[in-house]
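Index from 1, following the sequence. Side chains are part of it too, since the values below use all heavy atoms of this structure and drop only hydrogens, waters and symmetry mates. Given the structure is predicted, the values throughout are model-derived calculations rather than measurements.
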Amino acid sequence: GRGPARRTLERIFGLLDPRSSTAAAVVERQIAPALQGAEIAPPRVAETIDLGAFVAEAPLGLVIGLDHRPRELSSLLAMLAIDAEVRPLPIVLAAPAESFDRIGAEARRLARFYGLSLRLALVDGVEDACDALEAGVRACRFETIALLSGAAQIRAPGWLGRLERAFRARNGQCIASPTLLFEDNSIRWAGAWLEGEGTERRICNRFVGYPLDAIGSLGPVEVAAGAMECCVLARAAFIEAGGFARGYFTTGEKGLDLGLRLRMGGAPSVWVPEVEIYVVDDGELARPHLGALAALADRTSFDRRWALAVSNMRG
């Protein structure tokens, strides 16, 4: 089953001391390969509820993915509603089916209050926001989709229009992503960049932790991979790439893996520095040392899958 494979492996983390060499060896040689080899079914939309005049085949639509953690829907939908470029668009709100009692009534009330066209997609098999986003993409037929993780918070109106224009400037053959910020306005993500040469080549986040002023007044620039927490891309490209990989514990490596597959499929990533979005993520695993071990497992899995391809990529 989908749930037991990952959750059983996560429970093993609680038995390991992340500071020991033994823990690293167990993660690299046993846990990471076990998750990579597990047969994990994709998330499945169990039910959809349409609110307002929802158009499933619109040229452009927004897909929001929620995981099991409580999120403040009122502020997010309020920021979407006051944005003249977003308010007319159809929105898919994908959430775990078991969260319906918590968010169903709230979504109905807010959609009615703001006059939004919203499809609530209740999803079985959600373990993180990537699962919800993928199910949301499959619950509509928008030609172009804007993905937005439930951990994202809109900083100012106009964000989607600027991302879409960057996307259209590449004839719709790219993934356009904004600058992601921590709550203190320092940089969380400003492009995934290729660094080093040959077998030493790695994908790095150069600006993480820097003040926002560090990136200056750059225009859109091509990077190794985009940020799936917020981006604009063609739905067909997402479907053809196969969506998010299942063999990772965290959303970071899932997004990077998908970004590289999209790049290899002819849809490079473009970072649009002028667009800024907050991403407030309180950790995908409850205890910090579990997060460290999950990150190690994901990096091990990613390197096994991508090291050779990354070493041969052009910057």
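Using cut-offs of 30° and 60° on the angle between ring planes, the pair W193 and F207 is perpendicular.
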Test log, rule side chain to side chain contact (heavy atoms under 4.5 Å, CB included), inputs L148 and L76: CA-CA 10 Å; L148 192 66; L76 174 59; 3.9 Å; yes

Worked check of side chain to side chain contact (heavy atoms under 4.5 Å, CB included) between L163 and C231: CA-CA 7 Å; L163 288 181; C231 63; over 6 Å; no

F302/L260 under side chain to side chain contact (heavy atoms under 4.5 Å, CB included): CA gap, chis, key distance, verdict: CA-CA 11 Å; F302 180 85; L260 292 181; 3.5 Å; yes

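Here the side chains of L258 and F238 are in contact, with some heavy-atom distance below 4.5 Å. Between M228 and L262 the shortest side-chain heavy-atom distance falls below 4.5 Å. Within the 4.5 Å cutoff, the side chain of D131 has heavy atoms near those of the R246 side chain. Counting only heavy atoms from C-beta outward, the side chains of V272 and W159 never approach each other to under 4.5 Å. At a threshold of 4.5 Å between non-hydrogen side-chain atoms, the residues I64 and I91 count as touching. Taking the side chain as every heavy atom from C-beta outward, L218 and W271 approach each other to under 4.5 Å. Side-chain atoms of L60 and E143, non-hydrogen and from C-beta on, never get closer than 4.5 Å to each other.
To the nearest 0.5 Å, atom CD of residue E127 and atom OG1 of residue T250 are 12.5 Å apart. Taking CZ from R108 and CG from L51, the interatomic distance works out to 6.0 Å, rounded to the nearest 0.5 Å. The line from CG of D213 to OG of S186 is 12.0 Å long, rounded to the nearest 0.5 Å. Atoms CD1 and CH2, from I203 and W306 in turn, are 8.5 Å apart once rounded to the nearest 0.5 Å. The distance from atom CZ of R155 to atom CG of L180, rounded to the nearest 0.5 Å, is 12.0 Å. Separation of atoms CG (D257) and OG (S301) is listed at 10.0 Å; rounding is to 0.5 Å.
Within a 6.0 Å sphere centred on CZ of R304, other residues, nucleotides and ligands contribute more than 12 heavy atoms. Counting non-hydrogen atoms of other residues, nucleotides and ligands closer than 6.0 Å to CZ of R202 gives a total above 12.
Remark: side-chain polar atoms of R235 are paired, donor with acceptor, to backbone N or O of V137 under 3.5 angstrom. When atom types are taken as modelled, the side chain of S177 and the backbone of G226 share no donor-acceptor pair closer than 3.5 angstrom. One N or O on the side chain of R201 and one on the backbone of G196 form a donor-acceptor pair closer than 3.5 Å. Between the side chain of R119 and the backbone N or O of A139 there is at least one donor-acceptor pair closer than 3.5 Å. For R188 (side chain) and N185 (main-chain N/O), no donor-acceptor pair under 3.5 Å exists by modelled atom type. No donor-acceptor distance shorter than 3.5 angstrom exists from the side chain of Q153 to the backbone of Y278, with no hydrogens or angles considered. D83 contributes no side-chain N or O that, together with a main-chain N or O of M79, makes up a donor-acceptor pair within less than 3.5 Å.
Across I277 and A152, no two heavy atoms sit closer than the pair CG2-CB, 3.9 Å. Closest approach of L66 to P96, counting heavy atoms only: O-CD, 3.3 Å. Nearest heavy-atom pair, T179 versus P273, reported as atom, atom and distance to 0.1 Å: OG1-O, 3.0 Å. Pairing each heavy atom of R263 with each of V223, the nearest pair is NH1-O, 3.9 Å. Minimum heavy-atom separation, L122 to A97: CB-CA, 4.0 Å. D67 approaches R102 most closely through the heavy-atom pair O-NH2, 4.3 Å.
With hydrophobic clusters built from ILVMFWY side chains whose heavy atoms lie under 4.5 angstrom apart, L77 shares a cluster with L160. Hydrophobic clustering of Ile, Leu, Val, Met, Phe, Trp and Tyr side chains at less than 4.5 Å, counting indirect connections, keeps F142 apart from V55. Hydrophobic clustering keeps W189 apart from L256 (ILVMFWY residues linked when any side-chain heavy atoms are closer than 4.5 Å, directly or through intermediates). In this structure, Y114 is a member of the same hydrophobic cluster as I103, with clusters built from ILVMFWY side-chain heavy atoms closer than 4.5 Å. Under the 4.5 Å side-chain heavy-atom criterion for ILVMFWY residues, no single connected hydrophobic cluster contains both V86 and F54.
By the 4.0 Å N-to-carboxylate-O rule, K254 lies too far from D298 to be salt-bridged with it. Ion pair R71/E106 not flagged as a salt bridge, since none of the NZ, NE, NH1 or NH2 atoms sits closer than 4.0 Å to an Asp/Glu carboxylate oxygen. One finds a salt bridge joining R170 and E222 here, because a Lys/Arg side-chain nitrogen approaches an Asp/Glu carboxylate oxygen to under 4.0 Å.
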